[in-house]
Amino acid sequence: MSDTVPETEIRQGAVEAEAEVEVALEAGLKGESEDAYDPAAPAPLNVPRTPTGNADVDARLERLGDADHLATDGHIEVYEDVHQGLRDALTALDARPGPPAPSPSYGHRS
């Protein structure tokens with residue numbers, strides 16, 4: 001008596017295993033599997049954003065959360081928008097009139 005498995009049984013087992021893999025892959029691609037993990041799917045980073053007290057800046061920082069639901073190639077648009085908004089907020093700070101500049105001192109005597 002031989003302990004070896006006939007070659008036909010090996011082939012049949014390989015064909016069945018291959019068929020199971022194909023069914024599993026197709027189920028995953030069609031979204032039929034609820035537990036399937038998609039590493040390329042967008043996932044929130046859940047980075048806490050501390051309010052700054054400046055409404056314009058806080059609104060721009062909150063906009064960063066929009067990138068959480070986008071694929072990586074969609075992040076650039078959000079980042080550029082936030083960057084431009086923050087630059088505009090800084091420029092607006094420079095444009096606001098501040099206290100008058102100190103007058104020159106005329107007390108110099110030569």
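The figures that follow rest on heavy atoms only: side chains count, while hydrogens, waters and symmetry mates do not. Here the structure is a predicted model, which is why all the values come from computation and not from measurement.
- Checked against salt bridge (charged side-chain N to carboxylate O under 4.0 Å, His left out), D68 has no partners two or more places apart in sequence or in another chain.
- Note that the CZ atom of R60 and the CG atom of N54 stand 11.5 Å from one another [nearest 0.5 Å].
- Counting all heavy atoms, side chain and backbone alike, E62 lies closest to R49 at CA-NE, 4.0 Å.
- With rounding to the nearest 0.5 Å, the separation of CG in D81 from CD1 in I76 is 11.5 Å.
- By the salt bridge (charged side-chain N to carboxylate O under 4.0 Å, His left out) test, R87 pairs with no residue at all, sequence neighbours left out.
- Considering OG1 of T50 and CG of L61, their distance stands at 9.5 Å, rounded to 0.5 Å.
- D58 places a side-chain N or O within donor-acceptor distance of the main-chain N or O of T52, the cut-off being under 3.5 Å.
- Taking hydrophobic clusters as Ile, Leu, Val, Met, Phe, Trp and Tyr residues chained together by side-chain heavy-atom distances below 4.5 Å, V82 shares a cluster with L70.
- In this view, H69 satisfies the ring pair (Phe, Tyr, Trp, His ring centres under 6.0 Å) rule with no residue, not counting sequence neighbours.
- When the side-chain contact (heavy atoms from CB on, under 4.5 Å) test is applied to D88, the partners found at least two apart in sequence or on another chain are Q84.
- When the side-chain contact (heavy atoms from CB on, under 4.5 Å) test is applied to L90, the partners found at least two apart in sequence or on another chain are L93.
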